[in-house]
Amino acid sequence: MEAATTHMSPKSSRSDLRDPSRQAFVLLRTIFTIAPIIFGLDKFTNLLVDWTVYLAPAATAVVPVSAQTFMYGVGVIEIIAGIVVALRPRWGSLVVAAWLLGIIVNLLVLGSFFDVALRDFGLLVGALALNRLATAFKK
């Protein structure tokens, strides 16, 4: 005899951390909160990498500032995006997805770092998955 299993919908198991969809939501919400904040803060220190090498010259042609000043603005936006994901993941996930799309376009215009663009596409899909889960959990 097969054991009966019950499927708990996201709405009925909001606080049940044993539910795989709830676990996925918590994991994605956590990483899409922490990563943008860390990367945003690093735009001010360049400890991880010199972020200006990833910036297409077209960006500073549109916004006439130095590449590093442009990155300071990017850092502020990334920090805000991470905070919005923490507070309102349904909306913050869309902000992060749009931001990642912008990064991908920038890298394609730059004509290099295609591996990073592909990675960021995967992250964009993850942000959209967070959006769907946040909608299911009414967050």
message: Within this structure, what is the CD1-CD1 distance for the pair Ile80 and Ile37, rounded to the nearest 0.5 Å?
response: 10.5 Å
query: Got a sec, which pairs hit salt bridge (charged side-chain N to carboxylate O under 4.0 Å, His left out) with one end in residues 121-133, sequence neighbours left out?
result: none
field: Pairs involving residues 92-111, ordered by first then second residue, that meet salt bridge (charged side-chain N to carboxylate O under 4.0 Å, His left out) (sequence neighbours left out)
entry: none
- request: Compare every heavy atom of Lys43 with every heavy atom of Val74, then report the nearest pair and how far apart it is.
  value: CG1-CE, 3.8 Å
Hphob cluster co-occupancy, Val49 + Leu41, side-chain heavy atoms under 4.5 angstrom: no
All ring pair (Phe, Tyr, Trp, His ring centres under 6.0 Å) counterparts of Phe39, not counting sequence neighbours: Trp51
Output a table of donor-acceptor pairs, distance under 3.5 Å, between side-chain atoms of residues 112-126 and any protein atom two or more places apart or on a different chain; print 'none' if there are none.
none

query: Taking only residues two or more places apart in sequence, or in another chain, which ones meet Phe32 in a ring pair (Phe, Tyr, Trp, His ring centres under 6.0 Å)?
result: none
field: Counterpart residues, side chain to side chain contact (heavy atoms under 4.5 Å, CB included), relative to Gln68 (two or more places apart)
entry: Asn46, Thr52, Ser66, Met71, Tyr72
- prompt: Where do Ile31 and Leu27 land on the side chain to side chain contact (heavy atoms under 4.5 Å, CB included) test, with the steps shown first?
  reply: CA-CA 6 Å; Ile31 196 62; Leu27 286 169; over 6 Å; no
Sequence neighbours excluded and cut-off under 3.5 Å, please list the side-chain donor-acceptor pairs for residues 54-64, or say none.
from  : atom 1 : to    : atom 2 : distance (Å)
Thr60 : OG1    : Pro57 : O      : 3.1

Per-pair distances, 0.1 Å, donor-acceptor, side chain in residues 85-104, under 3.5 Å, sequence neighbours excluded:
from  : atom 1 : to     : atom 2 : distance (Å)
Ser93 : OG     : Pro89  : O      : 2.8
Ser93 : OG     : Arg90  : O      : 3.0
Ser93 : OG     : Asn131 : ND2    : 3.4
Trp99 : NE1    : Glu78  : OE2    : 3.2

